[in-house]
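One structure is given here, and the rest of the page talks about it.
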Amino acid sequence: MTTFIDNKSAVAALFQAALAKAYPSLTDFVIEVEKPKNPDHGHFAVNSALHLAKKLGVKPRDIAEAIVAALPESDLLANTPDIAGPGFINTRLSLAAETRVIGSIFARGDTFGKSTVGNNREVMVEFVSANPTGPLHVGHGRAAAIGDTLARLLSWQGYKVSREFYYNDAGVQINNLMLSVQARLRQRADASLVFPETGYHGEYIREIAERYAEKFPADALGNNEDHVREFAVAYLRNEQDLDLKAFDVQFENYFLESSLYSDGLVEKTVDQLIKNGKTYELDGALWLKSTDYGDDKDRVMRKSDGTFTYFVPDVAYHVNKWQRGFGRAIVELGADHHGSLARVHAGLQAMEMGVPVGYPDYVLHQMITVMRGGEEVKISKRAGSYVTLRELIDEVGRDATRYFFVMRKSDSQLTFDIDLARSKSEENPVYYVQYAHARICSVLAQWTQTGGDESALRAVDHAPLVSKYESDLMRALADWPSLLAHAATELAPHLIAVYLGELAAKLHTYYNAERFLIDDEPLKLARLSLILATKQVLKNGLAVLGVSAPEKM
RNA sequence: GCCCUCGUAGCUCAGUGGAUAGAGCAUCCCCCUCCUAAGGGGAGGGUCACACGUUCGAUUCGUGUCGAGGGCACCA
C-alpha cells in the first residue's frame with residue numbers, strides 16, 4: 001500500500017522541486033503552502049515569491065512565473081497555477097488527486113490518521129489528580145475530557161501512553177476530611193455540636209458518616225481517627241472512580257503522594273538538592289534557589305516546623321516519573337495551579353540529573369464559570385455548593401459532556417450555563433457531528449437492503465465525483481491525518497472537535513444538495529463510496545474524542 | 001505591586017504573518033409528494049480592546065496601556 005501523503009504536503013513537494021530547478025542556489029529555502037480563505041484563490045496557495053523578492057532582488061511576480069514555468073510533470077494539479085495579486089501562486093488539485101484519499105481511507109480503516117511519529121516512546125499524561133476530599137466537579141470534568149483526549153491523541157501519533165492519577169493523600173486537607181466526618185458522626189449523637197467552620201460542608205460528608213456508623217457501630221463517634229480517615233478516603237476514591245468510569249476515562253496507574261514519603265523519595269530529593277548546593281538556610285527554613293532557574297523568587301522547601309512545602313513532593317514525583325522511563329510527561333492542570341510550574345521546573349533542573357529543560361509539559365485549563373438560574377455558582381468544596389461531574393453526565397449525557405469540555409481551547413475561560421446545557425442539550429454541537437454519521441449509516445443501510453454490497457464500494461471509479469460539494473468533502477477528508485498531527489504537536493484537542501464540526505457541515509451540505517440513491521449507477525456508487533469514507537473519518541475522529549458514533553439517532 | 005492566561009459578531013467561542021476574519025446560539029426570510037428538518041440555503045450583525053513598533057504585508061509577532069480571570073503564604 002502506498003503511503004498517503006496529504007494534499008498540502010504533496011503540493012509543497014511539487015513546488016519545492018520547481019524552486020530547485022528555477023533557482024538552484026536556494027538550497028535551504030522551504031516552500032510554504034497555505035489554504036486560502038477565499039475559494040476564488042484556489043485550493044492551495046504558495047506565497048514564496050513574496051518572501052523571496054527581497055532576497056533575490058527580483059519582482060515577486062517574475063519569481064512566481066519562473067517557479068510555475070519550472071513545475072515538473074504531475075497529475076496533482078488540475079491546471080497551470082494562476083499568479084495573482086502581488087505574487088501569490090494559486091493552485092487547484094486535479095480530480096485524480098482529490099479522489100486518492102478515498103482509497104487510503106478504505107485501506108487504513110479504523111487506523112486512518114494514525115501515525116508512527118511517536119515511535120513507541122513512553123509518554124505519561126497525568127490529569128484530574130483531584131484530592132480525595134469530595135466528588136469530582138465540573139472543573140475535574142474539563143480536566144478529564146482534555147487529559148483523556150490528549151492521551152488518545154498521542155496514542156494515535158504512535159506514542160506509548162500511560163495515564164496517571166496523582167492522589168494528594170498526605171496533606172492537611174485529608175486531616176480536615178477526617179475531622180469533618182468525625183464531626184458529622186458526633187452530631188448524630190448530639191445535634192447541638194457545632195460543625196467546624198473550616199470543615200467540608202457538602203452533603204456527602206454526612207453520607208460518609210452514615211456509612212461509617214453502619215459499618216462500624218462500635219466506633220459511631222469516630223474516635224479512631226486513622227480508621228475514619230482511611231474509610232473516608234477509600235469511600236471518596238471509589239466515588240471518583242465511578243464518576244470517571246461513567247465518563248469512560250481510565251487510568252493505567254494511580255500514584256499516592258504518601259508513597260513519596262514512605263519510599264523516602266522526598267528525603268532523597270531534598271538531600272540531592274542540598275548536595276548540589278542549590279539550597280540555603282534562612283529564618284530556620286530551608287530554601288531552594290529557584291531563581292537560578294527562572295522562578296521569580298526563591299521557595300521554601302522545608303518549613304521551620306520541619307515539614308515540607310507541597311512543591312517538594314511535586315518535584316520528587318517528577319523525578320520519579322523521569323526515573324520510571326517517561327522521556328516525556330504531560331501534566332494537565334487547572335490554571336489555579338500554574339504557580340507551581342516554575343518551581344517544579346526549577347527543582348528538576350537543580351537536581352542536575354539530565355531532565356530536559358521544560359520537563360514536564362503543562363497543559364492548563366482555565367477555570368469554568370458555572371451559571372445556574374442566571375447566576376454564577378461559586379464552586380466551593382467547603383461550602384458544598386458545586387455541580388458534580390456525575391450530575392452533569394446524568395443530565396446532559398456522556399458524549400455531550402465530553403464534547404463540550406474539549407471543543408474549546410483549554411486556556412480560554414468558559415462559561416457553563418447549566419440551564420442552557422439542560423434545555424438545549426439537543427442543540428449541543430456533538431449531535432451535529434453524530435447526526436452526520438447516523439445519516440450516512442441510514443443511506444447505506446437502505447442501499448444494502450435493496451441488494452447493495454458495501455465492500456464493493458471500496459473499488460469503484462470516482463471519476464463521476466465532479467461537483468464542488470464532492471471536491472470540498474474529499475479535500476476535508478484528506479486533511480484528517482495532518483490535522484491530528486498538528487493537534488498533537490500543539491497539545492490542542494479542541495482542534496479535533498473544530499475539524500469534525502467542519503467535516504460534518506460539509507457532509508450535511510452535500511446531503512441536502514445531492515441525492516445518493518439514484519438510477520445513474522456509476523455516479524451512485526461513486527457517491528456512496530465517498531460517504532462511506534466520510535463515515536470512517538467521522539468515526540475515527542469521534543473515537544479520538546472518546547465520543548460514540550451512533551448508527552441511528 | 002509582581003507573574004500567568006485571556007480580550008474577535010448581541011451571547012458562547014473558533015481561526016490566521018497575507019489577498020473579502022468564521023461557526024453555533026439569538027433575530028429575520030426561504031427549503032421536506034424525495035435517502036433522518038437533531039438538516040440545508042440566505043439576510044442582518046465586527047475599527048479582531050487601545051496605542052506604538054517590526055514587516056512588502058499585522059487581527060496574528062514585540063512592547064506598553066486598559067479590562068477580565070487566576071496565581072503570588074513557612075496552604076495544597
Side-chain angles (χ1 to χ4, degrees), chain A residues 32 34-41 45 47 50-51 53-54 59-60 84-88 90 129 131 133 168 170-174 176 257 282-287 295-297 299-311 313-314 334-342 362 364-369 371 404 407-417 420 424-436 438-447 450 492 494-495 497-499 501-502 504-505 507-518 524 527-528 531 552-553:
Chain A
E32 285 175 33
E34 60 188 23
K35 280 201 273 185
K37 295 174 205 159
N38 185 339
D40 292 343
H41 298 147
N47 60 12
L50 283 80
H51 291 142
K54 195 176 230 176
K59 280 188 287 185
F88 294 104
N90 295 334
S129 298
N131 294 344
T133 55
N168 290 298
V172 294
Q173 75 281 6
I174 294 294
N176 195 17
E257 181 188 4
L282 181 70
D283 300 334
L286 182 69
W287 296 69
D295 201 357
D296 58 345
K297 58 177 88 163
R299 303 291 168 174
V300 171
M301 295 170 61
R302 191 174 58 220
K303 299 181 253 180
S304 52
D305 68 3
T307 61
F308 295 109
T309 56
Y310 73 93
F311 96 89
D314 278 356
D336 53 339
H337 287 82
H338 87 262
S340 75
L341 274 53
Y362 282 98
L364 301 180
H365 68 263
Q366 288 291 325
M367 302 293 91
I368 298 175
T369 304
M371 303 289 286
F404 184 91
M407 67 187 277
R408 269 75 191 264
K409 206 165 45 178
S410 70
D411 57 10
S412 70
Q413 293 157 216
L414 70 85
T415 301
F416 192 101
D417 187 325
L420 197 69
K424 307 230 170 133
S425 64
E426 299 278 307
E427 290 169 24
N428 190 302
V430 71
Y431 296 107
Y432 184 81
V433 177
Q434 290 180 317
Y435 184 44
R439 265 186 154 173
I440 294 170
C441 291
S442 173
V443 173
L444 292 171
Q446 284 170 56
W447 179 64
T450 55
H494 75 281
L495 294 174
V498 171
Y499 169 83
E502 288 169 358
L507 186 278
H508 288 308
T509 298
Y510 182 34
Y511 183 96
N512 276 276
E514 311 280 7
R515 294 190 60 75
F516 305 105
L517 302 175
I518 50 178
K524 176 174 80 180
R527 285 180 174 171
L528 290 174
I531 62 171
K552 280 182 187 169
M553 286 177 71

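So you know, we letter chains A, B, ... as the sequences are listed, proteins then strands, and number each from 1.
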Under 3.5 Å between N/O atoms: give me all the protein pairs with nucleotides 54-56 of chain B, atom names plus distance.
residue : atom : partner : partner atom : Å
B:rC56  : OP1  : A:K54   : NZ           : 2.1

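- Between A:F516 and A:Y511, the angle of the ring planes lies from 30° to 60°, which puts this pair in the tilted group.
- Applying the 4.0 Å criterion to OP1 and OP2 of B:rC31, one finds that A:Y511 has every side-chain N and O outside that range.
- Side-chain N/O atoms of A:H338 and base N/O atoms of B:rG71 include no donor-acceptor pair closer than 3.5 Å.
- Across A:L50 and A:P86, no two heavy atoms sit closer than the pair CD2-CG, 3.9 Å.
- Of all heavy-atom pairs spanning A:A285 and A:V300, the tightest one is CB-CG1, 4.1 Å.
- Distance from the side chain of A:N90 is smallest to B:rA19 among B:rA19, B:rG39, B:rC34.
- The salt bridge (Lys or Arg N to Asp or Glu O under 4.0 Å) test applied to A:K35 returns A:D479, not counting sequence neighbours.
- With hydrogens and angles left out, the side chain of A:R408 and the base of B:rC13 share no donor-acceptor pair within 3.5 Å.
- Between the CG atom of A:N512 and the C1' atom of B:rC32 there is a distance of 10 Å, rounded to whole Å.
- Side-chain contact of A:Q446 with A:S442: a donor-acceptor pair under 3.5 Å is present, judged by distance alone.
- For A:D305 and A:T307, the side-chain atoms include at least one donor-acceptor pair closer than 3.5 Å.
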At a cut-off of 3.5 Å, list every protein nitrogen or oxygen paired with a nitrogen or oxygen from nucleotides 74-76 of chain B, distance to 0.1 Å.
residue : atom : partner : partner atom : Å
B:rC74  : O2   : A:S304  : N            : 2.8
B:rC74  : O2   : A:S304  : OG           : 2.8
B:rC74  : N3   : A:S304  : OG           : 3.4
B:rC74  : N4   : A:D283  : O            : 2.9
B:rC75  : OP2  : A:K303  : NZ           : 2.8
B:rA76  : OP2  : A:Y310  : N            : 3.2
B:rA76  : N6   : A:Y310  : OH           : 2.9

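- Considering only side-chain N and O atoms, A:K37 lies under 4.0 angstrom from the phosphate OP1 or OP2 of B:rA19.
- Projected onto RNA chain B by closest heavy-atom contact, A:F404 and A:M367 fall at different nucleotides, the more 5' of which corresponds to A:F404.
- Taking a pair to require two hydrogen-bonding distances under 3.5 Å in either a Watson-Crick or a G-U wobble arrangement, B:rG67 pairs with B:rC6.
- Atom P of nucleotide B:rG40 and atom CD of A:E514 are separated by 16 Å, given to the nearest angstrom.
- Between A:R439 and B:rA38, a side-chain N or O to OP1/OP2 separation shorter than 4.0 Å is absent.
- Applying the 4.0 Å criterion to OP1 and OP2 of B:rU5, one finds that A:K409 has every side-chain N and O outside that range.
- Nearer to the 5' terminus of RNA chain B, by closest-nucleotide assignment, is the contact made by A:S412 (compared with the other of A:S442 and A:S412).
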